[in-house]
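This report refers to the structure that appears directly beneath it.
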2 protein chains.
Amino acid sequence: MRLSDSIESFIKTLLSQEETEVELKRNELAEYFGCAPSQINYVLATRFTLDDGYVIESRRGGGGYIRIVRVVESGQQRLAYLINERIGTAISEEEAVRLLGQLAQQQVVTVHEAEIMRAAISSQALAIPVPDQMKDALRARSLKSMLTAVARQNREA
Amino acid sequence: MRLSDSIESFIKTLLSQEETEVELKRNELAEYFGCAPSQINYVLATRFTLDDGYVIESRRGGGGYIRIVRVVESGQQRLAYLINERIGTAISEEEAVRLLGQLAQQQVVTVHEAEIMRAAISSQALAIPVPDQMKDALRARSLKSMLTAVARQNREA
DNA sequence: TCAATTCTGACTATCTTTGACCAAAACAAG
DNA sequence: CTTGTTTTGGTCAAAGATAGTCAGAATTGA
(Lines give C-alpha, C1' and ligand atoms only; values in the text may rest on other atoms or scores of the structure.)
Protein backbone atom coordinates (compact mmCIF):
# COMPACT_ATOMS: atom_id res chain seq x y z
CA MET A 1 0.00 0.00 0.00
CA ARG A 2 1.38 3.33 -1.03
CA LEU A 3 1.67 6.11 1.46
CA SER A 4 -0.45 8.36 -0.74
CA ASP A 5 -3.16 5.74 -0.86
CA SER A 6 -3.15 5.42 2.92
CA ILE A 7 -3.46 9.15 3.37
CA GLU A 8 -6.19 9.27 0.77
CA SER A 9 -8.18 6.54 2.52
CA PHE A 10 -7.66 8.13 5.88
CA ILE A 11 -9.09 11.41 4.70
CA LYS A 12 -11.94 9.74 2.87
CA THR A 13 -12.82 7.82 6.01
CA LEU A 14 -13.07 11.08 7.89
CA LEU A 15 -15.32 12.31 5.12
CA SER A 16 -17.56 9.27 5.16
CA GLN A 17 -21.36 9.30 5.19
CA GLU A 18 -22.46 12.20 7.36
CA GLU A 19 -19.41 14.41 7.31
CA THR A 20 -18.96 16.43 4.18
CA GLU A 21 -15.94 18.33 5.35
CA VAL A 22 -12.89 17.86 7.53
CA GLU A 23 -10.37 20.26 8.85
CA LEU A 24 -6.88 19.14 9.66
CA LYS A 25 -3.40 20.34 10.46
CA ARG A 26 -0.91 19.58 7.73
CA ASN A 27 1.94 19.03 10.14
CA GLU A 28 -0.01 16.78 12.47
CA LEU A 29 -1.18 14.58 9.63
CA ALA A 30 2.35 14.36 8.26
CA GLU A 31 3.60 13.47 11.71
CA TYR A 32 0.94 10.79 12.04
CA PHE A 33 2.00 9.19 8.78
CA GLY A 34 5.67 9.85 9.40
CA CYS A 35 6.19 11.68 6.15
CA ALA A 36 7.15 15.06 4.82
CA PRO A 37 4.43 17.69 5.19
CA SER A 38 4.56 18.37 1.49
CA GLN A 39 3.40 14.82 0.94
CA ILE A 40 0.00 15.96 2.15
CA ASN A 41 -0.08 18.57 -0.58
CA TYR A 42 0.75 15.93 -3.11
CA VAL A 43 -2.15 13.77 -2.03
CA LEU A 44 -4.53 16.69 -2.11
CA ALA A 45 -3.30 17.78 -5.52
CA THR A 46 -3.67 14.34 -7.06
CA ARG A 47 -6.71 12.88 -5.31
CA PHE A 48 -8.86 15.70 -4.06
CA THR A 49 -9.21 17.91 -7.08
CA LEU A 50 -12.21 19.86 -8.25
CA ASP A 51 -12.84 17.28 -10.90
CA ASP A 52 -12.88 14.65 -8.17
CA GLY A 53 -15.53 16.72 -6.43
CA TYR A 54 -13.53 18.33 -3.67
CA VAL A 55 -12.67 21.87 -2.72
CA ILE A 56 -9.65 22.69 -0.60
CA GLU A 57 -9.36 25.73 1.63
CA SER A 58 -6.46 26.56 3.89
CA ARG A 59 -4.76 29.15 6.04
CA ARG A 60 -1.16 29.57 7.06
CA GLY A 61 0.25 31.01 10.23
CA GLY A 62 -0.67 30.30 13.84
CA GLY A 63 -3.82 28.24 14.03
CA GLY A 64 -3.50 27.40 10.37
CA TYR A 65 -5.43 24.52 8.83
CA ILE A 66 -6.42 22.66 5.69
CA ARG A 67 -10.11 22.09 5.08
CA ILE A 68 -11.33 19.52 2.59
CA VAL A 69 -14.92 19.77 1.43
CA ARG A 70 -16.65 17.05 -0.52
CA VAL A 71 -19.06 18.78 -2.86
CA VAL A 72 -20.25 16.21 -5.32
CA GLU A 73 -21.87 12.95 -4.33
CA SER A 74 -20.22 10.36 -6.51
CA GLY A 75 -22.06 10.08 -9.78
CA GLN A 76 -25.55 10.79 -8.51
CA GLN A 77 -25.94 14.47 -9.09
CA ARG A 78 -26.88 16.04 -12.33
CA LEU A 79 -24.38 18.79 -11.84
CA ALA A 80 -21.64 16.23 -11.58
CA TYR A 81 -22.31 15.28 -15.16
CA LEU A 82 -22.13 18.86 -16.32
CA ILE A 83 -18.99 19.52 -14.37
CA ASN A 84 -17.14 16.50 -15.63
CA GLU A 85 -18.61 15.66 -18.99
CA ARG A 86 -20.45 18.37 -20.76
CA ILE A 87 -18.15 21.26 -19.99
CA GLY A 88 -14.87 19.46 -20.29
CA THR A 89 -11.69 21.44 -20.57
CA ALA A 90 -12.91 24.16 -22.88
CA ILE A 91 -16.22 25.79 -23.77
CA SER A 92 -17.26 28.68 -25.99
CA GLU A 93 -19.23 31.64 -24.72
CA GLU A 94 -22.24 30.66 -26.83
CA GLU A 95 -22.25 27.12 -25.52
CA ALA A 96 -21.88 28.33 -21.95
CA VAL A 97 -24.72 30.81 -22.30
CA ARG A 98 -26.93 28.08 -23.71
CA LEU A 99 -26.06 25.81 -20.83
CA LEU A 100 -26.77 28.50 -18.25
CA GLY A 101 -30.08 29.24 -19.87
CA GLN A 102 -31.06 25.60 -19.53
CA LEU A 103 -30.01 25.47 -15.90
CA ALA A 104 -32.06 28.57 -15.12
CA GLN A 105 -35.04 27.21 -16.98
CA GLN A 106 -34.78 23.94 -15.11
CA GLN A 107 -34.49 25.96 -11.92
CA VAL A 108 -31.22 24.35 -10.97
CA VAL A 109 -30.01 27.89 -10.41
CA THR A 110 -31.91 31.17 -10.14
CA VAL A 111 -32.04 33.65 -12.98
CA HIS A 112 -29.90 35.99 -10.90
CA GLU A 113 -27.26 33.36 -10.38
CA ALA A 114 -27.25 32.48 -14.05
CA GLU A 115 -26.78 36.15 -14.92
CA ILE A 116 -23.87 36.42 -12.54
CA MET A 117 -22.23 33.34 -13.99
CA ARG A 118 -22.79 34.62 -17.46
CA ALA A 119 -21.16 37.90 -16.52
CA ALA A 120 -18.19 36.05 -15.06
CA ILE A 121 -17.35 34.31 -18.30
CA SER A 122 -18.51 36.91 -20.82
CA SER A 123 -16.05 37.92 -23.48
CA GLN A 124 -15.93 41.31 -21.84
CA ALA A 125 -14.78 39.81 -18.58
CA LEU A 126 -12.22 37.72 -20.41
CA ALA A 127 -10.85 40.57 -22.50
CA ILE A 128 -7.21 39.87 -21.83
CA PRO A 129 -4.46 39.28 -24.37
CA VAL A 130 -4.42 35.51 -24.56
CA PRO A 131 -5.41 33.14 -27.38
CA ASP A 132 -9.10 32.30 -27.79
CA GLN A 133 -8.25 28.72 -27.03
CA MET A 134 -7.06 29.71 -23.62
CA LYS A 135 -10.15 31.80 -23.05
CA ASP A 136 -12.29 28.76 -23.71
CA ALA A 137 -10.22 26.77 -21.25
CA LEU A 138 -10.50 29.53 -18.73
CA ARG A 139 -14.23 29.76 -19.25
CA ALA A 140 -14.57 26.03 -18.65
CA ARG A 141 -12.60 26.18 -15.45
CA SER A 142 -14.44 29.16 -14.09
CA LEU A 143 -17.80 27.70 -14.99
CA LYS A 144 -17.01 24.34 -13.43
CA SER A 145 -15.76 26.07 -10.33
CA MET A 146 -19.01 28.03 -10.05
CA LEU A 147 -21.22 25.02 -10.67
CA THR A 148 -19.26 23.12 -8.07
CA ALA A 149 -20.09 25.89 -5.64
CA VAL A 150 -23.74 25.54 -6.58
CA ALA A 151 -23.60 21.79 -6.06
CA ARG A 152 -22.13 22.38 -2.65
CA GLN A 153 -24.88 24.81 -1.76
CA ASN A 154 -27.57 22.40 -2.91
CA ARG A 155 -26.08 19.72 -0.77
CA GLU A 156 -25.96 21.98 2.26
CA ALA A 157 -29.49 23.17 1.75
CA MET B 1 -9.42 29.38 18.22
CA ARG B 2 -6.93 32.08 17.49
CA LEU B 3 -6.53 34.97 19.85
CA SER B 4 -7.25 37.36 17.01
CA ASP B 5 -10.47 35.51 16.25
CA SER B 6 -11.57 35.74 19.86
CA ILE B 7 -10.94 39.45 19.99
CA GLU B 8 -12.72 39.91 16.70
CA SER B 9 -15.80 38.03 17.93
CA PHE B 10 -15.80 39.91 21.18
CA ILE B 11 -15.87 43.26 19.42
CA LYS B 12 -18.45 42.11 16.90
CA THR B 13 -20.69 40.93 19.70
CA LEU B 14 -20.54 44.39 21.20
CA LEU B 15 -21.47 45.79 17.80
CA SER B 16 -24.03 43.20 16.90
CA GLN B 17 -27.52 44.22 17.87
CA GLU B 18 -28.62 47.81 17.55
CA GLU B 19 -25.28 49.36 18.34
CA THR B 20 -23.39 50.73 15.39
CA GLU B 21 -20.40 51.79 17.42
CA VAL B 22 -18.37 50.81 20.45
CA GLU B 23 -15.71 52.57 22.40
CA LEU B 24 -13.06 50.72 24.29
CA LYS B 25 -9.75 51.06 26.05
CA ARG B 26 -6.89 49.38 24.29
CA ASN B 27 -5.04 48.47 27.46
CA GLU B 28 -8.08 47.11 29.23
CA LEU B 29 -9.00 44.92 26.31
CA ALA B 30 -5.44 43.64 26.05
CA GLU B 31 -5.45 42.96 29.77
CA TYR B 32 -8.74 41.08 29.46
CA PHE B 33 -7.33 38.85 26.75
CA GLY B 34 -3.92 38.62 28.37
CA CYS B 35 -2.06 39.82 25.33
CA ALA B 36 0.14 42.63 24.12
CA PRO B 37 -1.76 45.88 23.53
CA SER B 38 -0.48 46.01 19.99
CA GLN B 39 -2.39 42.81 19.37
CA ILE B 40 -5.53 44.92 19.47
CA ASN B 41 -4.16 47.09 16.68
CA TYR B 42 -3.42 43.99 14.66
CA VAL B 43 -7.00 42.80 14.97
CA LEU B 44 -8.35 46.20 14.00
CA ALA B 45 -5.98 46.44 11.05
CA THR B 46 -6.86 43.04 9.68
CA ARG B 47 -10.55 42.67 10.53
CA PHE B 48 -12.07 46.08 10.92
CA THR B 49 -10.89 47.86 7.82
CA LEU B 50 -12.85 50.24 5.66
CA ASP B 51 -13.28 47.41 3.18
CA ASP B 52 -14.89 45.46 5.97
CA GLY B 53 -17.19 48.40 6.59
CA TYR B 54 -15.70 49.89 9.72
CA VAL B 55 -14.12 53.19 10.63
CA ILE B 56 -11.73 53.48 13.55
CA GLU B 57 -11.22 56.63 15.62
CA SER B 58 -9.00 56.95 18.65
CA ARG B 59 -7.39 59.27 21.14
CA ARG B 60 -4.30 58.93 23.24
CA GLY B 61 -3.55 60.32 26.67
CA GLY B 62 -5.66 60.29 29.82
CA GLY B 63 -9.15 59.04 29.09
CA GLY B 64 -7.97 57.80 25.72
CA TYR B 65 -10.09 55.36 23.73
CA ILE B 66 -10.57 53.44 20.50
CA ARG B 67 -13.93 53.81 18.81
CA ILE B 68 -15.10 51.36 16.18
CA VAL B 69 -17.96 52.49 13.96
CA ARG B 70 -19.83 50.24 11.61
CA VAL B 71 -20.51 52.11 8.42
CA VAL B 72 -23.90 51.79 6.81
CA GLU B 73 -24.16 52.20 3.06
CA SER B 74 -26.83 51.27 0.56
CA GLY B 75 -26.22 48.20 -1.57
CA GLN B 76 -26.10 50.22 -4.74
CA GLN B 77 -23.65 52.69 -3.24
CA ARG B 78 -21.44 49.89 -2.14
CA LEU B 79 -21.53 48.20 -5.53
CA ALA B 80 -20.79 51.44 -7.32
CA TYR B 81 -17.84 52.10 -5.06
CA LEU B 82 -16.44 48.64 -5.63
CA ILE B 83 -16.91 48.72 -9.38
CA ASN B 84 -15.72 52.25 -10.02
CA GLU B 85 -13.08 52.78 -7.38
CA ARG B 86 -12.08 49.91 -5.21
CA ILE B 87 -11.42 47.05 -7.59
CA GLY B 88 -9.58 48.87 -10.35
CA THR B 89 -7.70 46.92 -12.99
CA ALA B 90 -6.27 44.16 -10.84
CA ILE B 91 -7.11 42.43 -7.58
CA SER B 92 -5.71 39.48 -5.66
CA GLU B 93 -7.81 36.50 -4.69
CA GLU B 94 -7.47 37.32 -1.01
CA GLU B 95 -8.75 40.85 -1.44
CA ALA B 96 -11.59 39.72 -3.64
CA VAL B 97 -12.67 37.12 -1.11
CA ARG B 98 -12.70 39.73 1.60
CA LEU B 99 -14.82 42.09 -0.45
CA LEU B 100 -17.28 39.35 -1.33
CA GLY B 101 -17.56 38.29 2.30
CA GLN B 102 -18.38 41.84 3.22
CA LEU B 103 -21.03 42.12 0.50
CA ALA B 104 -22.70 38.98 1.77
CA GLN B 105 -22.56 40.13 5.34
CA GLN B 106 -24.14 43.45 4.40
CA GLN B 107 -26.74 41.48 2.46
CA VAL B 108 -26.00 43.26 -0.78
CA VAL B 109 -25.77 39.81 -2.32
CA THR B 110 -26.84 36.43 -0.97
CA VAL B 111 -24.35 34.01 0.47
CA HIS B 112 -24.99 31.77 -2.52
CA GLU B 113 -24.20 34.51 -4.96
CA ALA B 114 -21.05 35.42 -3.09
CA GLU B 115 -19.94 31.80 -3.15
CA ILE B 116 -20.53 31.58 -6.87
CA MET B 117 -18.55 34.73 -7.52
CA ARG B 118 -15.83 33.51 -5.30
CA ALA B 119 -15.69 30.26 -7.20
CA ALA B 120 -15.52 32.12 -10.50
CA ILE B 121 -12.34 33.93 -9.58
CA SER B 122 -10.67 31.40 -7.33
CA SER B 123 -7.14 30.40 -8.10
CA GLN B 124 -8.45 26.95 -8.91
CA ALA B 125 -10.65 28.44 -11.58
CA LEU B 126 -7.86 30.59 -12.92
CA ALA B 127 -5.25 27.86 -13.05
CA ILE B 128 -4.02 28.62 -16.53
CA PRO B 129 -0.43 29.29 -17.58
CA VAL B 130 -0.33 33.07 -17.48
CA PRO B 131 1.53 35.42 -15.12
CA ASP B 132 -0.07 36.21 -11.78
CA GLN B 133 -0.33 39.81 -12.89
CA MET B 134 -2.63 38.80 -15.66
CA LYS B 135 -4.69 36.65 -13.35
CA ASP B 136 -5.20 39.61 -11.08
CA ALA B 137 -6.31 41.67 -14.07
CA LEU B 138 -8.61 38.93 -15.18
CA ARG B 139 -10.05 38.58 -11.73
CA ALA B 140 -10.76 42.29 -11.59
CA ARG B 141 -12.55 42.23 -14.92
CA SER B 142 -14.61 39.19 -14.11
CA LEU B 143 -15.53 40.47 -10.66
CA LYS B 144 -16.57 43.87 -11.95
CA SER B 145 -18.57 42.21 -14.68
CA MET B 146 -20.42 40.11 -12.12
CA LEU B 147 -21.01 42.97 -9.73
CA THR B 148 -22.33 45.04 -12.60
CA ALA B 149 -24.79 42.25 -13.34
CA VAL B 150 -25.88 42.31 -9.70
CA ALA B 151 -26.31 46.08 -9.76
CA ARG B 152 -28.39 45.83 -12.91
CA GLN B 153 -30.60 43.18 -11.33
CA ASN B 154 -31.13 45.40 -8.30
CA ARG B 155 -32.16 48.27 -10.51
CA GLU B 156 -34.59 46.13 -12.41
CA ALA B 157 -36.12 44.68 -9.28
C1' DT C 1 15.07 -0.29 -19.03
C1' DC C 2 12.36 3.72 -18.85
C1' DA C 3 8.57 6.60 -18.12
C1' DA C 4 5.22 7.76 -14.78
C1' DT C 5 4.27 8.24 -10.11
C1' DT C 6 5.49 9.03 -5.46
C1' DC C 7 8.19 11.18 -1.86
C1' DT C 8 11.34 14.40 0.29
C1' DG C 9 13.63 18.58 1.69
C1' DA C 10 15.05 23.18 1.06
C1' DC C 11 13.18 27.37 0.29
C1' DT C 12 9.20 30.53 0.20
C1' DA C 13 4.82 32.84 1.54
C1' DT C 14 1.55 34.12 4.85
C1' DC C 15 -0.56 34.88 9.32
C1' DT C 16 -0.13 35.76 14.28
C1' DT C 17 1.89 37.52 18.45
C1' DT C 18 5.03 40.17 21.10
C1' DG C 19 7.99 43.87 22.66
C1' DA C 20 10.75 47.89 22.30
C1' DC C 21 10.36 52.40 21.13
C1' DC C 22 7.48 56.51 19.48
C1' DA C 23 3.70 60.12 19.70
C1' DA C 24 -0.05 62.52 21.50
C1' DA C 25 -3.21 64.11 25.00
C1' DA C 26 -4.16 65.18 29.71
C1' DC C 27 -2.58 66.73 33.97
C1' DA C 28 0.05 68.92 37.52
C1' DA C 29 3.50 72.09 39.33
C1' DG C 30 5.63 76.40 39.10
C1' DC D 1 1.00 79.95 30.39
C1' DT D 2 5.03 76.72 30.22
C1' DT D 3 7.06 72.73 31.13
C1' DG D 4 7.66 68.21 32.87
C1' DT D 5 5.20 63.88 33.96
C1' DT D 6 1.81 60.51 33.32
C1' DT D 7 -1.35 58.11 30.69
C1' DT D 8 -2.79 56.44 26.72
C1' DG D 9 -2.66 54.69 21.95
C1' DG D 10 0.57 53.82 17.41
C1' DT D 11 4.32 51.70 14.67
C1' DC D 12 7.31 48.53 13.22
C1' DA D 13 10.40 44.87 13.07
C1' DA D 14 11.43 40.37 14.66
C1' DA D 15 10.13 35.85 16.15
C1' DG D 16 6.98 32.05 15.92
C1' DA D 17 3.62 29.10 13.58
C1' DT D 18 1.77 27.25 9.80
C1' DA D 19 1.01 25.98 4.86
C1' DG D 20 2.76 26.10 -0.33
C1' DT D 21 6.01 25.27 -4.14
C1' DC D 22 9.18 22.99 -6.84
C1' DA D 23 13.15 20.45 -8.34
C1' DG D 24 15.11 16.27 -7.94
C1' DA D 25 15.64 11.65 -5.76
C1' DA D 26 13.40 7.24 -5.06
C1' DT D 27 10.21 3.87 -6.39
C1' DT D 28 7.16 1.36 -9.20
C1' DG D 29 5.05 -0.78 -13.08
C1' DA D 30 5.07 -1.91 -17.94
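Chain naming here is simple, since letters A, B, ... match the order of the sequence lines and numbering starts at 1 in each.
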Report summary line: Taking C:dA23, D:dA19, C:dG9 as options, the one with an atom nearest any side-chain atom of A:Ala36 is C:dG9
Query raised in the report: Of the non-hydrogen atoms in B:Asp51 and B:Gln102, which two are nearest, and what is the gap between them?
Result: O-CG, 3.2 Å
**Report entry** Full working for salt bridge (charged side-chain N to carboxylate O under 4.0 Å, His left out) between B:Glu156 and B:Arg152
**Finding:** CA-CA 6 Å; B:Glu156 287 165 359; B:Arg152 177 156 27 79; 5.1 Å; no
Query raised in the report: Is A:Ser4 near enough to C:dT5 that one of its side-chain N or O atoms lies under 4.0 angstrom from OP1 or OP2?
Result: no
**Report entry** Sugar-phosphate, base or nothing in reach of B:Asn41, heavy atoms under 4.0 Å
**Finding:** base
Query - Side-chain donor/acceptor contact of A:Arg60 with base of D:dG20 under 3.5 Å - result: no
Requested in this report: Send over the distance from B:Arg67 CZ to D:dG10 P, rounded to a whole Å.
Outcome: 13 Å
Query raised in the report: Counting side-chain heavy atoms from CB outward, which of D:dT21, D:dG9, C:dT16 is closest to B:Arg26?
Result: D:dG9
Report task. Check the distance between D:dT18's P and A:Glu23's CD and give it to me in whole angstrom. Result -> 13 Å
Query raised in the report: Should the pair A:Lys12 and A:Phe48 be classed as cation-pi, given the thresholds of under 6.0 Å to the six-membered ring centre and 45° from the axis?
Result: yes
**Report entry** Euclidean distance, atom CD1 of residue A:Ile40 to atom P of D:dT21 [Å, nearest integer]
**Finding:** 14 Å
Report task. For the pair B:Arg67 (side chain) and B:Leu24 (backbone), establish whether a donor and an acceptor sit closer than 3.5 Å, ignoring hydrogens and angles. Result -> no
Requested in this report: Establish whether the base of D:dG9 is bridged to the side chain of B:Ser58 by a donor-acceptor pair shorter than 3.5 Å.
Outcome: no
